[in-house]
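First the structure, in the form of structure tokens, and then the observations on it.
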4 protein chains.
Amino acid sequence: MERTGRPRDPTIDGAVLDATADVLSQVGYARLTLEEVARRAGTTKPSIYRRWRSRPELVLAALVRRLDAGSIRAPESGCVVCDLVAGVEVFVTAFRRTPPGVLGALFAECGGELREEFMSTLFEPARRVVGEVVERAEGRGDLREGLDRDVVVDLLGSFVHYRALFGHASMDASEVVVTLLRGMVADPTRFARRKHRHDLSLS
Amino acid sequence: MERTGRPRDPTIDGAVLDATADVLSQVGYARLTLEEVARRAGTTKPSIYRRWRSRPELVLAALVRRLDAGSIRAPESGCVVCDLVAGVEVFVTAFRRTPPGVLGALFAECGGELREEFMSTLFEPARRVVGEVVERAEGRGDLREGLDRDVVVDLLGSFVHYRALFGHASMDASEVVVTLLRGMVADPTRFARRKHRHDLSLS
Amino acid sequence: MERTGRPRDPTIDGAVLDATADVLSQVGYARLTLEEVARRAGTTKPSIYRRWRSRPELVLAALVRRLDAGSIRAPESGCVVCDLVAGVEVFVTAFRRTPPGVLGALFAECGGELREEFMSTLFEPARRVVGEVVERAEGRGDLREGLDRDVVVDLLGSFVHYRALFGHASMDASEVVVTLLRGMVADPTRFARRKHRHDLSLS
Amino acid sequence: MERTGRPRDPTIDGAVLDATADVLSQVGYARLTLEEVARRAGTTKPSIYRRWRSRPELVLAALVRRLDAGSIRAPESGCVVCDLVAGVEVFVTAFRRTPPGVLGALFAECGGELREEFMSTLFEPARRVVGEVVERAEGRGDLREGLDRDVVVDLLGSFVHYRALFGHASMDASEVVVTLLRGMVADPTRFARRKHRHDLSLS
DNA sequence: CGATAAGCGAGACGGTACGTCAAGTCTTATA
DNA sequence: TATAAGACTTGACGTACCGTCTCGCTTATCG
């Protein structure tokens, strides 16, 4: 049996998502009410609940729509530095598209499978792109062996997320990338001789 | 004239903060209600509102109490690696003491001076400790010159925050520290010769 | 368009009015709280406020329900004395059905159109019945001419109300009726001859 | 033992009673708050509670002060009609001096010994004056025998109270007095012959 | 082509929690 | 030592919004 009954008005989906994004950017997540969203979208609460089961689910959908993950492309310049800088900017773009604080508040309300959807739709796309950049750099032998790719990706991603979220300092993509690539120690060989014998040598 | 009027019942403060922390860890920030907190603390809403002007202010106070920032001490082993690993563990401790997601949700509702208090009481203590570790390492000449100390601190702190928040992967303090200290490139000298001429040399 | 929206649960109306009457008779008007009424009725405050705009409006509705004005019938025995005694008992019944003091307290809080409703639903029915008794007695020529019917009705009603309210003395319907019918002077003719020349004669 | 300690500020009593009467006439009994009274009297709540144990006790005191029962004098013209008309006006004066509705609302909140005080200070003075008028008229033989003096007094008082309270009709003292004195029946003798044999004869 | 089924706007529903007002009490400093 | 002053704890307030339900209607597929 096919779907019967009156089909959903397809214009409502977009209107509601747009209204949600508007309200979100104007009053934030905590003060977003479905009644206001419905009012702005020119529809009613039941029509919203028919499409999204809960408030976080709706907001997630609105953010995903704004993020437009499909448009994210991994840079391929052949240069680790350039690619990673571009990769960091992918994160910057991703986080900039969501009003500040919404991500944290939304995440806090997402439980169970909604949390999984949150991760896979809002977080994975950017992480995957940067992961590919690292992977290619490894393939070219540009990176030292033994790196945990997830750690590298999260070091970049978390930094951007952190500063975008708390906004206590600005972001300079190339400085972070260079710091990560070069390392921080003045002389790696010094530490191998000391009593703790940490291995900081390059291989 | 001195202080007049009935003094506040000092036991209420503690009971409310404890109840807040309990509710927070059981139902999360979004479903925390002042009525439930009041019920568990054996008091009433106005008594809470007299002490903390709003829900975020109360939760912030409860988290600060849990964090016990005064107890945080900067490690001083004389070894950068050990100190930084210990420093990362300061972050881990700090974020582990707050239920997952609360920090982001709380921050989203903090505006104005409350946001400043959020930063200075919940974030700065751990950042300051790690900052001191880095500063001492620089003083000993263990780190290369030109590092932006804030970037280093946030690279460590954000990573921990990120993984504590989203919980998508575990944390290995020493791996992150080693990655940051050693750097990621296989051969820093390769990049100076190439067309983009990124300077990855050590000085 | 016709009536839309979810229809009201009709059982709540009755449960709330019953609970109101119960609370009223147990703690009086001043200590009646909507929260207690809601608790006893097994519902909540907003459901009450949706039906009655204010506390006096609710109490008025509960009293009107108790009074059951529709059941009040004018006696028609053909005898003024019997009819008036029965009429006084209509007042007695009306005031006895409301807990003492409630009427005065409620009236004090009724303003504007609520006051009009108070008068027309709680007072007029009994006054109208007694008014009809007086009217019929006049038609039969049982009463002397020139009587102000409203004064007569209020003389009977106020006496009952007064004693029911302040409870300082019991009520004997026939004594009041006889006093009013017979008059109080020993010899009406005496007063016409005196210097003030008050006319107490019978026509 | 004498009274020891700091003496009460005697000016506070009057200031509070005046403020109470003011608030009462402006917002009514239901919306009278002790905080507003204290504010207007230039004092504080505990100073009020030290003098009057409760809100109704305070309001009662304020009304008694307004009523000034000591000034009420029984008229002694020697004419029943004149005296009773003057007596009714004593009632009118008494009820007119209290804002409409306050009496009922206050009475509803008075329980136990406060109720007794309410009766003896607000009600008895006027009733006693009219009672004396009736007593003297009886002594002169102006009234028929067998009258219950309390019924007579309450017939007059309740009528005034009733119309003052509910305000649905104006008051004409002489009409009420004449109605009561003359009685209402057209021919008293008619009723003795009928089957019910009510005794409406004059002795 | 009529019956069936689902979605629609509309809006009120039952109910949780809110943030505030004012009652009456308690404590400290003052006279 | 009892007062005046002020801050206290607490019950109840009236409201906003949640997520659901009912209505009368419209739009589609199915028999």
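To find a chain, count down the sequence lines: A is the first, B the second, and so on, and within it residues start at 1. Predicted, not measured: the structure shown is a model, and the values here were computed from it.
Checking the phosphate oxygens (OP1, OP2) of E:dC21, no side-chain nitrogen or oxygen of D:Thr33 falls inside 4.0 Å. Dashed line: the shortest gap from a side-chain N or O of A:Thr44 to OP1 or OP2 of E:dG11 is not under 4.0 Å. In terms of phosphate contacts, B:Thr4 brings no side-chain nitrogen or oxygen within less than 4.0 Å of OP1 or OP2 of E:dT27. Applying the 4.0 Å criterion to OP1 and OP2 of F:dA4, one finds that D:Arg50 has a side-chain N or O inside that range. Proximity of B:Arg8 to the phosphate of F:dC8: a side-chain N or O atom is located under 4.0 Å from OP1 or OP2.
B:Arg40 has its CZ atom 16 Å from the C1' atom of E:dA17, to the nearest Å. One atom, CH2 of A:Trp52, and another, C1' of F:dC18, lie 18 Å apart when rounded to the nearest Å. Counting to the nearest Å, the P atom of E:dT16 and the CZ atom of B:Arg55 are 18 Å from each other. Atom CD of D:Glu36 and atom P of E:dA22 are 9 Å apart (whole Å). The OH-C1' distance, from B:Tyr49 to F:dC13, rounds to 14 Å in whole Å. As a whole-Å value, the separation of D:Leu58 CG from E:dA22 P is 16 Å. Summarising the geometry, the separation between CZ on C:Arg39 and C1' on E:dG14 is reported as 17 Å, rounded to the nearest angstrom.
Between B:Leu34 and C:Pro10, the one whose closest nucleotide on DNA chain E sits nearer the 5' end is C:Pro10. Judged by closest nucleotide on DNA chain F, D:Gly42 is the one of D:Gly42 and A:Pro56 placed further toward the 5' end. Nearest-nucleotide assignment on DNA chain E puts the 5′-proximal partner with B:Arg31, out of C:Arg31 and B:Arg31. Between C:Arg53 and B:Gly5, the residue whose closest nucleotide on DNA chain F is further toward the 5' end is B:Gly5.
Ionic pairing of C:Arg40 and C:Asp18 is not present here: no N-O contact between side-chain nitrogen and carboxylate oxygen is shorter than 4.0 angstrom. A salt bridge between B:Arg51 and B:Asp13 is present, with a side-chain N of the basic residue lying under 4.0 Å from a carboxylate O of the acidic one.
In this structure, B:Leu34 and B:Trp52 have side chains that are not in contact, with every pair of non-hydrogen atoms separated by 4.5 Å or more.
At a cut-off of 3.5 angstrom, the base of E:dA23 holds at least one donor-acceptor pair with the side chain of D:Lys45.
D:Leu32 comes within 4.0 angstrom of sugar-phosphate atoms only, judged by non-hydrogen atoms across all strands, and of no base. Residue contacts shown for B:Ser54 are absent, as no nucleic acid heavy atom lies under 4.0 Å away. Nucleic acid contact for C:Arg51: sugar-phosphate only, since backbone atoms but no base atoms lie under 4.0 Å from a heavy atom of the residue. Contacts of B:Ser47 with the nucleic acid, taken as non-hydrogen atoms under 4.0 Å apart, include base atoms.
Of the listed nucleotides (F:dC18, F:dT10, E:dA17), F:dC18 has the atom at the smallest distance from the side chain of A:Glu35. Closest to the side chain of C:Pro46, out of F:dA16, F:dT22, F:dG6, is F:dA16. Listed nucleotides E:dA6, F:dT22, E:dT28 differ in distance to C:Arg6; the shortest reach to its side chain belongs to F:dT22.
The residue from D:Phe123, D:Phe118, D:Tyr29 that alone fulfils the ring pair (Phe, Tyr, Trp, His ring centres under 6.0 Å) condition with D:Phe107 is D:Phe118.
Within 6.0 Å of CZ on C:Arg97 lie more than 12 heavy atoms contributed by other residues, nucleotides or ligands. At most 12 non-hydrogen atoms from other residues, nucleotides or ligands lie less than 6.0 angstrom from CZ of B:Arg31.
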